[in-house]
Amino acid sequence: KSFKPVVSQKTIKIAHFRETSALPFYIANEKGYFKAENLNVELVEVDSKQLIDTLVTGKVDFTSAIAWPSVVGFEIEHPEILKPFGIMGESNSGDTIDGFLVKEDSKINKLEDFKGKTIAFDNPRGIPSAKMVFKKIGFDPDKDVVLMDMGKDIIASALLSGKVDAVWTTQPSLTIIANKIKTKIVEPNMRTRYLTDPYWISPMGLTTNNFILQNREIVNKVENALKESLAFIQNNPVETRIIATKYTPLTSDITEKMGVQTYKSTPDNQDYLSMQSIVDSLVEAQILKKGTGLIPMYAK
Amino acid sequence: MPNEFGLEIINLSKSFDNHTVFDDFNLAIPKGEIIGIYGPNGCGKSTFLHLLAGIQEPDKGTIRINNKKPKEIKPGIVFQNYSDHLLPWKKTMENIFLQEKIQKNTRSEEMLDHLSDSQKNLFQNLYPYELSGGQQQLSSILRSLINTDDLILLDEPFSSLDQNIKNQAHDLILKNRQNDRTIVLVTHDLLDSVYLSDRIIVLKGTPVHNKYLNLNTKYNFKDKIDLLHSSFFSDIYKQTMEYIAS
Amino acid sequence: MPNEFGLEIINLSKSFDNHTVFDDFNLAIPKGEIIGIYGPNGCGKSTFLHLLAGIQEPDKGTIRINNKKPKEIKPGIVFQNYSDHLLPWKKTMENIFLQEKIQKNTRSEEMLDHLSDSQKNLFQNLYPYELSGGQQQLSSILRSLINTDDLILLDEPFSSLDQNIKNQAHDLILKNRQNDRTIVLVTHDLLDSVYLSDRIIVLKGTPVHNKYLNLNTKYNFKDKIDLLHSSFFSDIYKQTMEYIAS
Amino acid sequence: MKRSKILYAIGPIAILAGWYFFAYYPTNFNILIPKPVQVMLSFKNFPQILMKSTIATLYTWSTGTLLGIILGILIGFICGYYQNLFKIIEIPLDFFRSIPSITLLPIVALFLGSGLTAKFFIVTFVTFLYVFIHTTYGIKYSRTSKQNLALAWRLNPWQNFREIIFYSSLPSIFAGIRTAITLGLIATISSEMTILGTAGLGKKIIDNMVIYNTTEMYEIIIIIGLIGYATNKLIVILENNVIHWKGH
Amino acid sequence: MKRSKILYAIGPIAILAGWYFFAYYPTNFNILIPKPVQVMLSFKNFPQILMKSTIATLYTWSTGTLLGIILGILIGFICGYYQNLFKIIEIPLDFFRSIPSITLLPIVALFLGSGLTAKFFIVTFVTFLYVFIHTTYGIKYSRTSKQNLALAWRLNPWQNFREIIFYSSLPSIFAGIRTAITLGLIATISSEMTILGTAGLGKKIIDNMVIYNTTEMYEIIIIIGLIGYATNKLIVILENNVIHWKGH
Ligand SMILES: Nc1ncnc2c1ncn2[C@@H]1O[C@H](COP(=O)(O)OP(=O)(O)OP(=O)(O)O)[C@@H](O)[C@H]1O
Ligand SMILES: Nc1ncnc2c1ncn2[C@@H]1O[C@H](COP(=O)(O)OP(=O)(O)OP(=O)(O)O)[C@@H](O)[C@H]1O
Ligand SMILES: [Mg+2]
Ligand SMILES: [Mg+2]
């Protein structure tokens, strides 16, 4: 790998795709935390599937949160390029991040009621965790329930037309659909309640090893700015949501009610264990061909 | 009581854009005749056949064939540009019998008796676009003669035929005369026309009004050579040329 | 020293699938002649013209026109199915001058002197598909005569013309004779052929070998009527018919 | 004429009626169907909210499509004439044609980035493909009689194209253009949905889809549909004026 | 013949060469391009890994497309003959044709659910549209001379269709079919990406995209491309055998 000289005062580019998962970056940008660190930051909007591509081809220096399958999958194909930092997820003490939506008049109120029912997941990562959860309560997840993937755009139609009995989705869809049609949320944050608490869904952001080697200082500054953001989220839930409205397509009636993910700037040992079990479950579910150790990826 | 006309045209008018081809044209022909139509290029002969065939609609006026409307009869027709009217996706023989097959689901095999073996072979094996012009025209004539009850329309049907095949075609047409069938023959060859027709209508440039020559051409000669050298024919020839030049 | 042939065919062979049309055919014609081709339907007349025009390739043999290869000359041509070979997207007059416009970027207006005003109007204002058959054929003849240097190919070019227009076409063709221009005329009308041609080649069914009648038809009559009634013509007529029947 | 206008109205009226019905009739999903009146009213705000996106979409679409059409006709002609060239590009074309552009997008983005260039490339490529195919079809099935004329006249390829083949192929080319402008519009909007770009209706669709703003979604659908319909109508009118020799 | 085979090889070889080049030449994106050899080797595992998905895709695609083609020809003929019916459906068709199916999907899903029915509906609808348009074009531009024959013979609509119009329109219909099978394949895969369905290559694409398994992604792209190419080739062979009267 070639070493390029450090260029000072250069613009730091951060890729995002206008989702709440990039909130810490939006807040740092909005509240001037990047500026305070003397960073000149540009937020670059890209397609959600292009985040890692733009990062590894050098078009940007950082990306916002990307879920484990992509990060780990890329690491397996091309080891030692990506560098995750921070973590994002859900916790029992935090907001509602995911849940099952059922029709308001549905008799389903708890996990046990799902026996014999069909559930659509708008996110393939949901299915392996759901299987583990159902196992915990004594179901055979391959027999007692039908779990299927479905595109985000049609889960509401599927629920309304009775094609499925429930849909499992995450924020902000959870709030949006609940807002739009008469539904109730069942078993919010099942992963923290039945698996591990907190349940870490993804890193907070990514950069590359190459970039760190040449720009360690900048990376530190970015991390500092994001730490400020996390504190802000903790202390200013209302303003956080106003900023979310500004940076995403979401309208205020949604952001006001929506749950915000739990973030942590540096994982500890317990977190690594929890994260690793998630990755392992992805392997078990055959979403990933094989796993990788997350600690080496995070280690500096 | 129905009238006895094979063909009756009343007050027919037809124009293209600003060019009037027929203007209040009237004609009545007894049943069962062969009628020759003779006239200069562009005087409306093909248009007349298209009107009889129901391919074009008159702007005004009435056409009756055996007292029926054009839409009620199913004419046989040889078009002036015959090669465009054979269907290239069917063998020539299928083309010849297609109209009959569609309309009556029969096949008048006896028609083939008039063909030589080599002609039969040709029509059986080749698609129309593989035939020579004259071969295409002969097959078009055959097609028009099969299965048609009231009306056969022949637009310059011998233009590509050699002497022998032309005679063959003449025989075919004469054999297919019937008491209630009108045959309309357009040709620039006056001898052919006189030879085949009972009557020749001579037209003279557009628009066609009610002034036209209506020549009786029934005769008693044994063959075409006799006819050619007869004063009967030279009379008709003179009358026709004079009328057209007038 | 180049030979003096306007048209030279050496060992020409041409088949379609398993049907041989020409088999080692040879012919040599002096420069500047009008040659009539006479023969039964399907004997290969149109195929011969297509070979001369470069539309089809011989299987074997050589063709020379004024000692040039077919690809080196730009012939004028009237096709047997003339109406298919006028371009419907251009007015008739543009069609008539198109070949010249493309090849020389000139416009031989003098050609129009031979037309009547009403003919000129017709060709100027109408698209080919709006013309009658005879009008289309006349415009095809005009197109073939304009701008062609070495060779003019006429396949049954009078089949749809009335008497007067046919005479007009005859005049046009005779006026366009040139010392180094060969005109090949295919027609089933022997009188027309004798009237126009210096020589008639009589073919007799397929395949065409080297047996054919090569009739000198130069004569000295004032007009067609004289010719028709001459013993010169009836001699040629007899010879031709006998040869074909043999 | 009056009667034919009534016929044209039947389709849209039926759709509108269906829309009204499903928006108000108590099905279990009528809540996801916005009320027609609401959608109509939302057009009031078109200038502020959707004008800019509409213009952006129209710009990408028209430029890319025009280029694709011209390339399609020209390369189609060249390939129709030089069969050898056609053989060279035939396999790659038929190969890539079948792959959904969403799959090729990441690869295209590698080479052209994910900006305007990639967007134009995709729109132009799609329209090119269909105009190209239909041009070659037009040439393939142009009448032998006309090509015999070109042979006898020794027309060179360009003369042949200009005077005969182009006109012969026009019906087929127009059919290709109608397919292409529609697919070009779809490609424009789809690529606005995924590829970064300043604005565009595709972007608005995604934004509204995320928040289930069905009213604006339907408004956008109507705008796109109207654009597609109007362009098709224009092309048909153009076609009927140009090809006066229909059937001959 | 040997020479022409070489020509056919040039395109694929050029693409392969380009692929090799970009996979090994040190650009900033060459790590995102899998090595050709790896992808070739991965075909070893095709039976276990992709066979089932391929069959699922082939099934949806072929069934939906076949239905769409038949409907397109039939309804195209009916509309070509009964201009009034055409007028009724023209506006809705040109309207919906231009809207990306991804936008219509939520609406379709409301009515047809989000299962196989919706998938078939979309594939059939897309193929129908293009075959339909090209059938009407074939009819519109079928030769006057042949229609004069139909008039003189007083053929009823069905006889006219069976004996004349169908054959006259075949070149145009085949062009439509070639467009339609490709778009049908694209529609199948795109809907497998979003609509529910256990298997299908579209699903595999999404799965592999998410985990950056570019090797299998490229394998799938190659499979789709080959399917598309092979089908196109078959159609062309069929076409050339059926339409022996080309140009006449
Ligand atoms: N494409 C083809 N395929 C097969 N046979 C053909 C083809 N073209 C011509 N032929 C055959 O070649 C022979 C000669 O045809 P050609 O058109 O030259 O005859 P011709 O002398 O012009 O006849 P006519 O006086 O009827 O015009 C015919 O028997 C015809 O069947
Ligand atoms: N579609 C059309 N548009 C305009 N004028 C037309 C159309 N069809 C025919 N005509 C005109 O009508 C007149 C008659 O044409 P028609 O074909 O009936 O003549 P014809 O008597 O058959 O001539 P010919 O002996 O040359 O075949 C011609 O002057 C022609 O220009
Ligand atoms: Mg006529
Ligand atoms: Mg001939």
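Computed from a predicted structure; not experimentally measured. The sequence lines fix the lettering, A, B, ..., with proteins before strands; numbering per chain opens at 1.
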For the residue pair E/F125 and E/F121, categorise the inter-ring angle as parallel (less than 30°), tilted (30 to 60°) or perpendicular (more than 60°). parallel
Would a distance-only check, ignoring hydrogens and angles, find a side-chain to backbone donor-acceptor pair under 3.5 Å from A/Q214 to A/N210? yes
Greatest number of heavy atom pairs closer than 4.5 Å to chain E - which of A/L288, A/I66, A/T57: A/T57
Do A/F114 and A/F100 have ring centres separated by under 6.0 Å? yes
Interface residue of largest heavy-atom contact number with chain A, from E/N213, E/I206, E/D207, under 4.5 Å: E/N213
A/W168 vs A/F121 aromatic rings, parallel, tilted or perpendicular, using cut-offs 30° and 60°? tilted
Honestly, the part of A/I52 sitting under 4.5 Å from a heavy atom of chain E is both
The interface call for A/D53 against chain E, heavy-atom contacts under 4.5 Å, is both
